[in-house]
Each structure stands twice: as structure tokens, then as C-alpha cells.
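Everything on this sheet refers to the single structure shown next.
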Amino acid sequence: MTPARQLPELGGLADLFSRERRADPYPGYARLRDAAPVWEAANGFLVLSRHRDCADVLRDVRFGHVEGEDVVMARRRGENVLRRPTEGEGRPVRSFLMLDPPDHTRLRRLVSRSFTPRRVEELAPRIEAITDGLLGAVSGRRSFDAVAALASPLPVAVISELFGVSDADRGRLVRWSHALARGIEPSFLVPEEERRTQATARGEFAEYLAGEIARRRRAPRDDLVSDLVALHDRGESLTEPEIVATCVLLLVAGHETTTNLIGNGLYALLQNPGQLDELARHPELAAGAVEELLRFDSPVQLTARVALQDAEAGGVATKKGTYVLLLIGAANR
């Protein structure tokens, strides 16, 4: 096994993700891959930037999430974890993003019942209609803000309909989603003030969802919240706090990532007009284009795992409890 490299000249991970680098992190990623593809950062993280290494860790059952990992990190950030959904003994509930099998498998299986191929196919005409309406509102303009006009309101409208959120409440949904968007990033990347904003948004959204769950129980509708409430009430292995945590996750995962995909994708195509023209001439290439744009400028740039036992990451011996940061954006390039 090879030892991990240290790069004191980078000034730590915070420098790699500094505001100055955010617009184009890829040159920095490339330098890191060349100099130290397996980097033992000063923050105590092992950082991986090669595709093979990241893929291996994500598939390795020796890496995952530890019980209370996000709560410990939240307390270190000074968050009031009591505002999070809780279950027995006041233990904060984790979304399935922070769970390993079998709990992850259980929750994902239950949620996937609301996203069957038939249900998704039924959504397609409505999504097209929403898109047509948003683009129609800016038709004829010489220029417009594509994020404000399309990339942001489109997923908000779709998720609002999935959740059964009223038009009057959509503004709050957007505010909460924006506040929670960086919730999966390591704590040292998020300023203290923003962490407090995240905690407040998480608590407010949880309280809102608790009220919506009660209303759906009294008067079910054809929406995701009603589906999850019905699963709970039929005795499925789904707790009410897990419904809240799952809805919080789906809000952020369904809104911010889609907004970033559309924005990043449009920007990449405008920077490469030949590819844009090719796609316009051959719209049947759209599905493959989306996959390529996800790779080229990933909406989610990083994720993390914890060594659940002594293991190996990128050819480096990794002790149990080591946090491994996976630079998805670097790996995909």
C-alpha cells in the first residue's frame, strides 16, 4: 500500500473550495489529481479525486455512515439538533442519504413506490406544460436569466405538485430549499451564519410538514405526502419522523440539483456551440446529453463516507472511523 500525500501548500481543504475557485474548480482538481490523488488533508480527511478510487469506495460495504454522524457534525457546528425530527429517546432522525442498508434499502423501497415508471410517465405531460409556460413567459425577449426564468421555478413547481404544496406556500419552499442546499457539505466549508440559517430552515420545514401530515391524514390527496402517510398508517416500517426527514431530503435533492443541472448544462452548451447545434439538430440525443452534462459539471461536487472498519481507499490503509471525502466533480473529469 502507498502512503497518502500531504499538500501543505494548498492551505487545507477550505482553500480548494474557496469562493474564488467555485466558478471553475476543475483546474484545481486537476492539479490535486496530479500531485496527490490520495490526499491526507490537514482537517483529518482522506481526500480522493480519481474516478476509480471514488467508485471503489462508494461500492465498498466497509465504508458508509456511522450512527449519529450527522448529529455529531451538527452539534460541532452549533446547530440546535432538537429542531430536527426525532424518534424514540429524542434521537434525531436521519434521512436515508445518511443511512446504510438495511435502513437505507427499506426507506428507498418505500419511497420508490411513489415513483413507479407509470407515475413518472404520467408526470411527463405536466412537466412539459410547466416548461412551455415558463418559456412562453420569456418568448420574444432578446435575453433573459435562464436560472430565474426556468432552472429554478421548474423543479419548484414540479415538487410542489408532488408534495401537494399550495401556490401560496411555494415561496417558503424555495427559501427553505436554498437554505438547506449546502447541508451535505463538510462543516468547515459552510460559514457559521449560514449553518444557523440551515438549522432554522430545517426546523421550520419540519414543523410545516408535521402540519401537512396531519391534514393528509384527515383528507388524503393524490400526492407524495399522502402516499407516505398511508404507508405509515397501514403499518409499514416507516415512522412519522422518517416521513418528515424523507420529505426534507426530497425537497433539496429534487430542487437544487435539478436547478444546478439545467444551469450548468445550458452554460456548458453555450460555451460549446457546436455541441449545442448538434443537440438542436438531433433532439433524440437528449437523454445521453443529460448524462454527459451530469458528468461534465456535476450538480453535486462531493460526498463523504466513513470507514466502518479498517479498510483501504485509493491504495492507502484506512483506519476505522476515518472520514473519506470523495470529490465527485474531480472524479467525473
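It should be emphasised that the depicted structure is a prediction, and the values quoted were computed from it without experimental measurement.
Not one N or O on the side chain of Ser49 forms a donor-acceptor pair closer than 3.5 Å with the backbone of Leu32. When atom types are taken as modelled, the side chain of Thr131 and the backbone of Ile127 share a donor-acceptor pair closer than 3.5 angstrom. Between the Asn272 side chain and the Ala268 main chain, a donor and an acceptor come within less than 3.5 Å of each other. The backbone N or O of Asp297 lies less than 3.5 Å from a partner atom in the side chain of Asn264, making a donor-acceptor pair. Between the side chain of Glu242 and the backbone N or O of Thr239 there is at least one donor-acceptor pair closer than 3.5 Å. In terms of modelled atom types and a separation under 3.5 Å, the side chain of Ser152 and the main chain of Ala148 share no donor-acceptor contact. Panel note: side chain Thr200, backbone Arg196; a donor-acceptor pair is recorded below 3.5 Å. Panel note: side chain Thr322, backbone Thr318; no donor-acceptor pair is recorded below 3.5 Å. A distance-only check finds no donor-acceptor pair linking the side chain of Ser166 to the backbone of Gly164 [under 3.5 Å]. In this structure, the side chain of Ser226 does not engage the main chain of Pro220 through any donor-acceptor pair within 3.5 Å.
Here the shortest heavy-atom pairing between Val38 and Arg50 reads CG2-NH2, 3.9 Å. Taking both residues in full, the closest heavy atoms of Arg170 and Glu161 are given as NH2-CG, 3.8 Å, listed atom of the first, atom of the second, then distance. The two residues Ala313 and Leu48 come nearest to each other via the heavy atoms CB-CD1, 4.2 Å. Of all heavy-atom pairs spanning Leu269 and Leu293, the tightest one is CD1-CD1, 4.3 Å. His255 and Ser177 make their closest contact through ND1-OG, 2.7 Å (heavy atoms, listed as atom of the first residue, atom of the second, distance). Across Arg33 and Pro37, no two heavy atoms sit closer than the pair O-CD, 3.3 Å.
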Please determine whether salt bridge (Lys or Arg N to Asp or Glu O under 4.0 Å) holds for the pair Glu212 and Arg217, giving the CA-CA distance in whole Å, both sets of side-chain angles, and the decisive distance to 0.1 Å. CA-CA 9 Å; Glu212 291 298 298; Arg217 184 165 282 124; over 6 Å; no

Apply the test side-chain contact (heavy atoms from CB on, under 4.5 Å) to residues Cys54 and Ile328: give CA-CA distance (whole Å), side-chain angles for both, the deciding distance (0.1 Å), then the verdict. CA-CA 7 Å; Cys54 291; Ile328 297 173; 6.0 Å; no

Apply the test salt bridge (Lys or Arg N to Asp or Glu O under 4.0 Å) to residues Glu291 and Arg295: give CA-CA distance (whole Å), side-chain angles for both, the deciding distance (0.1 Å), then the verdict. CA-CA 6 Å; Glu291 293 296 323; Arg295 179 201 69 81; over 6 Å; no

Given the rule in the side-chain contact (heavy atoms from CB on, under 4.5 Å) test, do Phe163 and Asp223 qualify, once you have shown the distances and angles that lead to the verdict? CA-CA 6 Å; Phe163 281 3; Asp223 60 39; 6.0 Å; no

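Ring orientation note: the planes of Phe205 and Trp176 are tilted relative to one another, at an angle of 30° to 60°. The aromatic rings of Tyr26 and Tyr29 sit perpendicular, their planes meeting at an angle over 60°, well past the 30° parallel limit.
Classification of Arg62 and Glu312 as a salt-bridged pair fails, no side-chain N sitting under 4.0 Å from a carboxylate O.
With a 4.5 Å cut-off on side-chain heavy atoms, Leu285 and Glu278 count as touching.
Cation-pi contact between Arg333 and Phe296: present, with separation from the ring centre below 6.0 Å and deviation from the ring axis of at most 45°.
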